[in-house]
Amino acid sequence: LGQKEQALRLRRDVYAGTLRLHGEEKEHTLIEANNYAMNLLDLRRFEEVKLFLRKMLPVAQRVLTDSHLITLKMRCCLAMALHD
């Protein structure tokens, strides 16, 4: 695997571990979700980004609010995936 694919695998594992430890509605989990989505975007895996963030963005909006930096980053990432 290439370095970007290895990084994605590691990022996915970190997100999954954080999700198991803290649950979906914690800021730390949402940060890791955003990091994972950004890695997917970097690999141009737009459909996966869309599916993942359409699930996670409402959680971020509910838990962190619309104006939180992580929520805004997720929206930006989703917009880039939708554009391509």
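Just so you know, these numbers use all the heavy atoms, side chains as well, and skip hydrogens, waters and symmetry mates.
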How far does [atom1] of [X] sit from [atom2] of [Y], to the nearest 0.5 angstrom?
{"X": "N39", "Y": "Q6", "atom1": "CG", "atom2": "CD", "answer": "12.5 Å"}
{"X": "L30", "Y": "N35", "atom1": "CG", "atom2": "CG", "answer": "11.0 Å"}
{"X": "E27", "Y": "L69", "atom1": "CD", "atom2": "CG", "answer": "9.5 Å"}
{"X": "M56", "Y": "T29", "atom1": "CE", "atom2": "OG1", "answer": "7.5 Å"}

Shortest non-hydrogen contact from [X] toward [Y]:
{"X": "V49", "Y": "A81", "result": "CG1-CB, 3.6 Å"}
{"X": "C77", "Y": "L41", "result": "SG-CD2, 3.8 Å"}
{"X": "K55", "Y": "V59", "result": "O-CG2, 3.7 Å"}
{"X": "S67", "Y": "L72", "result": "O-CD1, 3.6 Å"}
{"X": "A37", "Y": "F52", "result": "CB-CD2, 4.1 Å"}

Indicate yes or no: at least one non-hydrogen side-chain atom of [X] is less than 4.5 angstrom from one of [Y].
{"X": "E25", "Y": "R62", "answer": "yes"}
{"X": "F46", "Y": "L40", "answer": "no"}
{"X": "L43", "Y": "E48", "answer": "no"}
{"X": "L82", "Y": "R54", "answer": "yes"}
{"X": "K73", "Y": "M38", "answer": "no"}

* For K50, all residues meeting side-chain hydrogen bond (donor to acceptor under 3.5 Å, both in side chains), sequence neighbours excluded -> E47
Less than 3.5 Å apart, which donor and acceptor atoms pair up between the side chains of residues 11-24 and the rest of the protein, not counting sequence neighbours?
residue: R11; atom: NH1; partner: E32; partner atom: OE1; Å: 3.3
residue: T18; atom: OG1; partner: V14; partner atom: O; Å: 2.8

* Out of curiosity, does M80 fall in the hydrophobic cluster containing L53 (side-chain heavy atoms, cut-off under 4.5 Å, transitive links)? -> yes
* Structure fact -> side-chain contact (heavy atoms from CB on, under 4.5 Å) test vs T71 passes for just one of N34, T65, L57, namely L57
